[in-house]
Amino acid sequence: MTDDAPRYRYDFNVIEQRWQETWQSRKTFRTAGPGEAGFDPDRPKFYVLDMFPYPSGVGLHVGHPLGYIATDIVARFKRMTGHNVLHPMGFDAFGLPAEQFAVQHGVHPRVTTEQNIANMLRQLKALGLSYDWDRQLATIDVDYYKWTQWIFLRMYNSYFDPVEQHARPIEELLTKLQNEVYFVGFDDRIIPATDQGLMGLEGEPIGARKWHELDEEQRNAFLDGHRLAYLAEVPVNWCPALGTVLANEEVTNEGRSERGNHPVFKRPLKQWMLRITAYAERLADDLDAVDWPEAIKKMQRDWIGRSEGALVDFAVDGSDELIRVFTTRSDTLFGATYMVLAPEHPLVDQVITEAQRTAVRDYRRQAESRSDVDRMAEAKEKTGVFTGGHAINPVNDQKIPIWIADYVLMGYGTGAIMAVPAHDERDHAFARTFDLPIVEVVKHDGENIDIQEEAFVGAGVNVNSANDDVSINDLPTPQAKTKITEWLEHKGLGQGHVQYKLRDWLFSRQRYWGEPFPVLHDERGRTVALDESELPAELPAMEDFTPVASDDPDAPPQPPLGRAPESWRIVERNGQRYTRELNTMPQWAGSCWYYLRYLDNTNAERFCDPSREQYWMGSTEQNSAGGVDLYVGGAEHAVLHLLYARFWHKVLYDLGHVSTPEPFGRLFNQGYIQAYAYTDARGVYMPASEVVNADGKPASEVQGTKGEKFFHNDQPVTEVYGKMGKSLHNAVSPDDICAEYGCDTLRLYEMYMGPLDASKPWNTRDIIGVHRFLQRLWRNFVNEETGELKVTSDKPGAQRSEAPGIDPLLRLLHKTIKRVTEDMQRLCFNTAIAALIEMNNALVGRDTLPRAIAEPFVLMLAPLAPHLAEELWQRMGHDDTLAYEPWPTYDEQYLVEETVELAVQVMGKVRGRITVAADADRAAVEAAARNDENVAAHLEGKTIRKVIVIPGKLVNIVAN
RNA sequence: GGCCGAGUGGCGGAAUUGGCAGACGCGACGGAUUCAAAAUCCGUUCCGGUUCACCCCGGGUGUGGGUUCGAGUCCCACCUCGGCCACCA
């Protein structure tokens, strides 16, 4: 800076540092809830929450804080509109990436994770975000995961009541079984005594047993099998390269692990499961009550995958066995020409014939060894093997062959299907491959379709669909479904059924860096839960925490905790030896309830005090569903975190621990910040800073441009557009932007880029625009030569009677308050900033600024650029922070214009403008319009047919 | 393949219910200031025509059609891009 530069320029470094220190030392944003000092119960509450981040090793790039800045603006705005605002932040610090980072660096994950948290905290605090840092938490804190384990125990000690449709303590199930309110089904389902048709003539249950008929082992197995958290041997996603099993949600479409892109295999393994399927219906139905983006609701509904249909039993020819299938097209039963079992189906061994034994065994072995990757890749061609067995189609007694094929999935429905090749594309393809008969039973209403060539899957009218007892011929598809299902039910051959795609949640991982399960296993292999008083079950200190990875899909899972010291693994109790569970919980566990712990993060007695939960999570006028009032995060969590958290919340709700059925009343997905990346001739990503400078011009390393293209060593450089990230070498650090322009500028720029929910490209070049706005604003308030404040105590002329009209400055202020307030309420920060820029531009060049204009203007700026706003507020003579100052309100009387300008159209084209009194009547407006010179010229020689007057907007004259 | 969303100047975007398309910002161009530059300030900037002093005229929101006095906005078909799901019976 040279000597003659203004001495009192906008110095964001000094201003931002001062205010961040002030906020921290004065605890400006400490929030009091019920039972805390300073709590004001008369104010409405507002809980605004960010999806808490992973403390990754590379730190934040400018894409990460987009949502944090938005919620911070909302939090600050809501404080100024008189709300008690809860705005906390924490860290989701268990999980694979944290562990992998630690393994790569050879340091204990707790050390690396805590370093990463410290770095992220520094970055977040440098953005001036108004979190109540006293509420900060991390999922790896023992005080936190103690309660994660406590919630797990609640699930372990509960079952889902099929009649009441909610979770209840497992003791209630025991009581109901003992009192014969419920019976034990032969398929291990709970059978209510009220089940019609269950009781035989003697009053004995049919297809069910009484509790006292079971021995102790059967009783334990039955109870354990109905817990919401249970151990089961089921086909799971086994990823040998990661050395762990994964949830369905963590496996990509291509059958690879979401983390690391490794192949995943289906293996039957005994693992912890959570009974999320019990909640399928409520998870789907309750979406109606929450204010979420429709796209996210749809993704969840699709994931839950409700479909209505029927279960139908097919008898195996020459055996007592029944094969149960699920179908959504019971109307096509007469067209079922064969059956298919999943290769893993338990009945395969019963239906197989000696001649087919080898072929079936080979096929099963082959299906097993293929990873999901291969299976998906070969999805186009249908494969399968005939078992040799036959089944009887219950509607027409036809003998149809039973096949096995991997296009039938064991995990959905019953793992078996009736194949109707005429009316299902997959069955059609299979039938054509193996030359199986195709019988048409539904006709297209109009078109003629060659059913041998092409399946007809739509709704139509039934044909060929009758037996001696029932006919559904000539019925349209919906009626045909109803009638045949009723007939099946009447005959005891089947029943209507609602099937969900959702599967139970695989809840254990072979990892070190996760929450230990609070359970033990005794020497007979039975599970014993820890008592609440024994929590937390702490992770042991370990030197070697690396997972056991392998290329071999048949390698067994080896949890790292198996290498923990024996003093941790073995527990002696009443002379009995127990071993601890060696698996840990998946990463999602901690994020399922963190929003509740913020409410009361230091409570040592409970996971959360009920009065605080009821206050902060209660429903309000704007948030009828209750829960968090605004939850902001990326759409990538649509079916993972957001589904899991809703499930946990509903369990806690059923058990009376929380007061609302839904955790997040309103959800908002921010868009992504995209960026340009550059590849060289080989397609390798080049650091973006080597290709272009911040101003978009070629960087020195690049030899120049030819047309639109950049060149490097005479090779063309290709520009591609995508997500910002380390791998694309195009990440921009908020640290750099804050250093150069200040964080007020960064905040404004990120909000000014476009709508919050849209994805938009980062352009460092454009930042200067909002930075100029702040500099200009500073000069409107402060004389840069003298440092004196330009704000004066004189009042703008508000009285209409004295002056000829309203002071234009006052009118501008009130117009701006209206615009900014409305934009704030609908999260349109880009247009709110535009309104402030316009007002600011109107203030340029004045020697003085009336206080009555200056103060509301600064208050409107405060949520967006809080540091500069606080600085100016203090310079205007206020000792206290402006964070709790009332938000400015506008007065309609200053918005009323005496005259308005209207556009005049002739045949829909603007031909002139007229200025008329705001209250001018129709006739006067019409006359003025026709008097306009250019309008008159266009009306020359034409007859006016119609005149449309839209008050305050335009006049359209229709003439010909 | 299915579902959802989006296509507006050189660029990011604005136009809340059908009512003056392009607010605001970037960039670009011209000017002032300066020895010079940065910074700052003023002006121009959708395309084309006539005149550039003001005006005026034609075209224009992915393409083609429709509804309407009037369409970026509503309806139909198509094209392109993005996202999600994908053998779920």
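In this text, all values refer to a predicted model and were calculated from it rather than measured experimentally. Proteins come first, then strands; the chains are lettered A, B, ... in the order of their sequence lines, and each starts at number 1. All values below come from the heavy atoms of this structure, side chains included, with hydrogens, waters and symmetry mates left out.
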- [ ] Counting Watson-Crick and G-U wobble pairs only, both distances under 3.5 Å, name the nucleotide matched with B/G10, or none.
- [x]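 WC or wobble partner is B/C26.
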Task: Watson-Crick/G-U partner (both atom distances under 3.5 Å) of B/C84 - done: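 Pairing partner, where one exists within any strand: B/G2.
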Task: Aromatic centroids of A/Y741 and A/Y749 separated by under 6.0 Å - done: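 When the ring centroids of A/Y749 and A/Y741 are compared, they turn out to be at least 6.0 Å apart.
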Open item on the list: Say we look at B/C11 and B/C84: how far apart would their C1' atoms be, to the nearest angstrom?
Closed with: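 Roughly 29 Å separates the two C1' atoms.
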Task: Atom P, compared across B/A71 and B/A21: separation rounded to whole Å - done: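 Between the two P atoms, the distance is 10 Å.
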TODO: Please tell me which of A/N934 and A/D427 maps to the more 5' nucleotide of RNA chain B, matching each residue to the nucleotide holding its nearest heavy atom.
DONE: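 That would be A/N934.
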TODO: Starting at atom CG of A/N830, determine the distance to atom P of B/C24, rounded to an integer number of angstrom.
DONE: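 Rounded to the whole Å, the gap is 14 Å.
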Task: d(CD1, A/I404; P, B/C87) in whole Å - done: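 Those two atoms, CD1 and P, are 19 Å apart.
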- [ ] Look at A/D427 together with A/K382 and state whether they make a salt bridge at an N to O cut-off of under 4.0 Å.
- [x]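 A salt bridge is absent here (no side-chain N lies under 4.0 Å from a carboxylate O).
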Open item on the list: Does a side-chain N or O of A/Q775 approach OP1 or OP2 of B/U40 to a distance below 4.0 Å, or not?
Closed with: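 Yes.
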TODO: Could you tell me whether A/N841 contacts a base, only the sugar-phosphate backbone, or nothing, with contacts defined as non-hydrogen atoms closer than 4.0 Å?
DONE: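 Sugar-phosphate contact only - A/N841 comes under 4.0 Å of backbone atoms but never of a base.
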Task: Minimum side-chain heavy-atom gap A/E892-A/L895 below 4.5 Å - done: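 A/E892 vs A/L895: side chains touch.
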- [ ] Identify whether the glycosidic angle of B/G27 places it syn (within 90° of 0) or anti.
- [x]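 Anti.
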